[in-house]
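Worksheet: one structure, shown below.
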Protein chains: 2
Amino acid sequence: MATQNIKPGLAKFSEDDVLRQIEQAVLDHRLVPGTKLKEVQLANLFGVKRGLIRKVLTRLAHSRLVDQTPNRGATVAKPSVKEGQDLFATRRVIESAILETLIGHAEEKHVQQLGRMLDREQKAYLRGDSERALGLSVDFHRELARMAGNSVLEEYLNDIIRRTPLVILTHLGGDEHNRCRNQEHEAIVDAIARRDVKTAKKVMHQHLLHIESKIKHKPEKPPADLAELLRPHSVGQPA
Amino acid sequence: MATQNIKPGLAKFSEDDVLRQIEQAVLDHRLVPGTKLKEVQLANLFGVKRGLIRKVLTRLAHSRLVDQTPNRGATVAKPSVKEGQDLFATRRVIESAILETLIGHAEEKHVQQLGRMLDREQKAYLRGDSERALGLSVDFHRELARMAGNSVLEEYLNDIIRRTPLVILTHLGGDEHNRCRNQEHEAIVDAIARRDVKTAKKVMHQHLLHIESKIKHKPEKPPADLAELLRPHSVGQPA
DNA sequence: GATAATAAAATTGTTAACAATATTTTATCA
DNA sequence: TGATAAAATATTGTTAACAATTTTATTATC
């Protein structure tokens with residue numbers, strides 16, 4: 001049987017829980033673009049009512065993480081090449097503004113905190129834990145946004161970050177291509193420490209262009225395994 | 001009786017219709033921050049089921065136009081001073097990027113189209129139709145975003161534009177203060193026509209700073225009339 | 001009259017049953 | 001076999017009834 005409960009009735013998740021879990025699944029490439037998201041299946045999976053799933057799907061559609069078609073349900077969004085390009089271009093603008101704002105009032109403790117994050121990221125990478133390294137790499141960008149202290153910029157960067165995996169999976173090849181380079185993160189922190197806005201922006205710009213340049217059309221992925229949403233490293237089945 | 005139907009059963013609105021009408025009401029200051037949005041009242045008002053209103057309110061909350069508190073319903077959002085500042089600061093970044101992108105590929109027809117919009121705006125202003133002038137002024141900014149051709153930048157600017165009236169009404173005085181100055185719009189179009197990115201950005205920057213500088217704390221507005229959402233120039237009652 | 005407890009009303013939140021639509025399967029015929 | 005139509009199933013969409021909670025009104029007490 002395809003649709004199976006995961007400890008039915010045991011784990012009770014709130015609406016935000018479910019939302020975050022699906023977002024996280026997109027973030028670390030477990031949910032791939034095109035995957036059909038059936039309401040009862042998800043409801044069973046999370047042990048919640050269908051109405052709750054319904055609300056979550058609406059919210060996800062609102063932030064463009066899923067596509068909803070009337071009477072035909074929801075699928076994980078497949079952003080167009082154009083949308084991907086626009087997303088990356090906007091990301092450069094936003095991250096640039098974040099750096100400018102942050103450096104405007106950066107203190108020593110901020111630099112130290114960023115240094116610690118670089119260490120963690122480096123260690124994870126060296127020990128071969130690439131999943132963890134990817135997560136920490138994302139956290140690095142998020143932390144810059146948080147430190148900048150502009151809630152709207154932070155909100156927009158998070159929005160872009162959430163949508164980026166869909167662009168990568170739809171138009172880029174494997175996961176190897178999309179990891180941030182730790183060296184570049186280091187160079188950014190160095191520039192911040194020196195209050196060197198120009199260099200910081202330049203490195204960030206290069207850093208982001210690196211990934212963007214690889215966007216191009218790519219053949220469909222073959223249908224994969226069923227939705228084992230909660231288990232890491234698994235992948236849903238495209239519609 | 002406070003809650004009255006407006007031709008019940010006659011006008012049937014879709015979910016998007018209702019969403020847009022409420023957004024529009026916020027945009028032209030008919031709905032003021034703090035207004036309680038009761039589900040049955042809205043349902044009667046629009047001649048739709050409560051479930052539909054419920055979905056709309058969720059979506060509005062997601063774009064921070066309304067605040068939702070569990071068991072206590074929804075009110076039109078009252079952004080904090082900080083959020084207002086962040087919003088304006090981000091707007092400068094976004095509009096700057098829009099100008100840069102637009103000027104990068106602006107054609108003569110774009111400039112002409114903008115010129116026509118300036119005329120319309122000026123005429124409305126001269127004939128004293130300030131409501132219409134305000135609308136056209138907003139359209140001007142939107143049109144710049146559309147012409148730039150980056151869907152994400154456009155999306156973010158529209159988000160900011162939708163939220164701005166709430167900041168103004170919460171922290172600024174009357175409506176007179178917040179109108180865009182037509183001269184500045186003209187100067188921007190002139191700069192675009194000359195492909196002068198630097199000047200265009202500078203004028204836009206000043207243009208936006210003008211409003212932002214006026215944000216400060218302001219006493220509560222007294223409760224006003226009931227929700228005559230559909231009728232222009234009317235105002236809802238704060239909670 | 002003011003305050004606190006209680007009851008009534010209003011409002012929001014949830015659910016299960018049903019309707020409408022789409023998808024898959026089976027049956028029919030050339 | 002392959003194509004088409006019909007039936008069966010699965011999935012999404014809607015609704016009304018109910019439950020839970022908050023707000024308002026009423027009463028009781030000092």
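Labels below follow one simple rule: chain letters A, B, ... track the order of the sequence lines, proteins then strands, and each chain is numbered from 1.
When each of A/Arg72 and A/Arg50 is assigned the nucleotide of DNA chain C with its nearest heavy atom, A/Arg50 is the one assigned upstream, toward the 5' end.
What separates CG of B/Leu37 from C1' of C/dT12 is a distance of 14 Å, to the nearest Å. As a whole-Å value, the separation of B/Leu57 CG from C/dT11 P is 14 Å. Separating the CD1 atom of B/Ile53 from the P atom of C/dT11 is a distance of 14 Å, rounded to the nearest angstrom. Here C/dT15 presents its P atom at 12 Å from CD of A/Glu15, a figure rounded to the nearest Å. Rounded to an integer number of Å, the gap from A/Lys38 NZ to D/dA10 C1' is 8 Å. As rounded to whole Å, 12 Å separates atom C1' of D/dT14 from atom CD of A/Glu39. Spacing between atom NZ of A/Lys36 and atom P of C/dT23 amounts to 8 Å, rounded to whole angstrom units.
Side-chain nitrogen and oxygen atoms of B/Arg54 include at least one within less than 4.0 Å of the OP1 or OP2 phosphate oxygen of C/dG13. Between B/Lys49 and D/dA17 there is no side-chain N or O to OP1 or OP2 distance below 4.0 Å.
Across D/dG13, D/dT11, D/dT21, the shortest atom-to-atom separation from the side chain of B/Asn71 is found for D/dT21.
Between A/Arg64 and B/Glu155, at least one side-chain N (NZ, or NE/NH1/NH2) sits under 4.0 Å from a carboxylate O, which counts as a salt bridge. Ion pairing between a basic and an acidic side chain is recognised when a charged N comes within 4.0 Å of a carboxylate O; B/Arg142 and B/Glu154 show no such pairing. With salt bridges taken as basic N to acidic carboxylate O contacts below 4.0 Å, one links B/Arg146 and B/Glu143.
At the heavy-atom level, A/Gly51 lies nowhere under 4.0 Å from the strands shown.
To the nearest 0.5 Å, the span separating OG1 on B/Thr58 from CD on A/Glu15 amounts to 7.0 Å.
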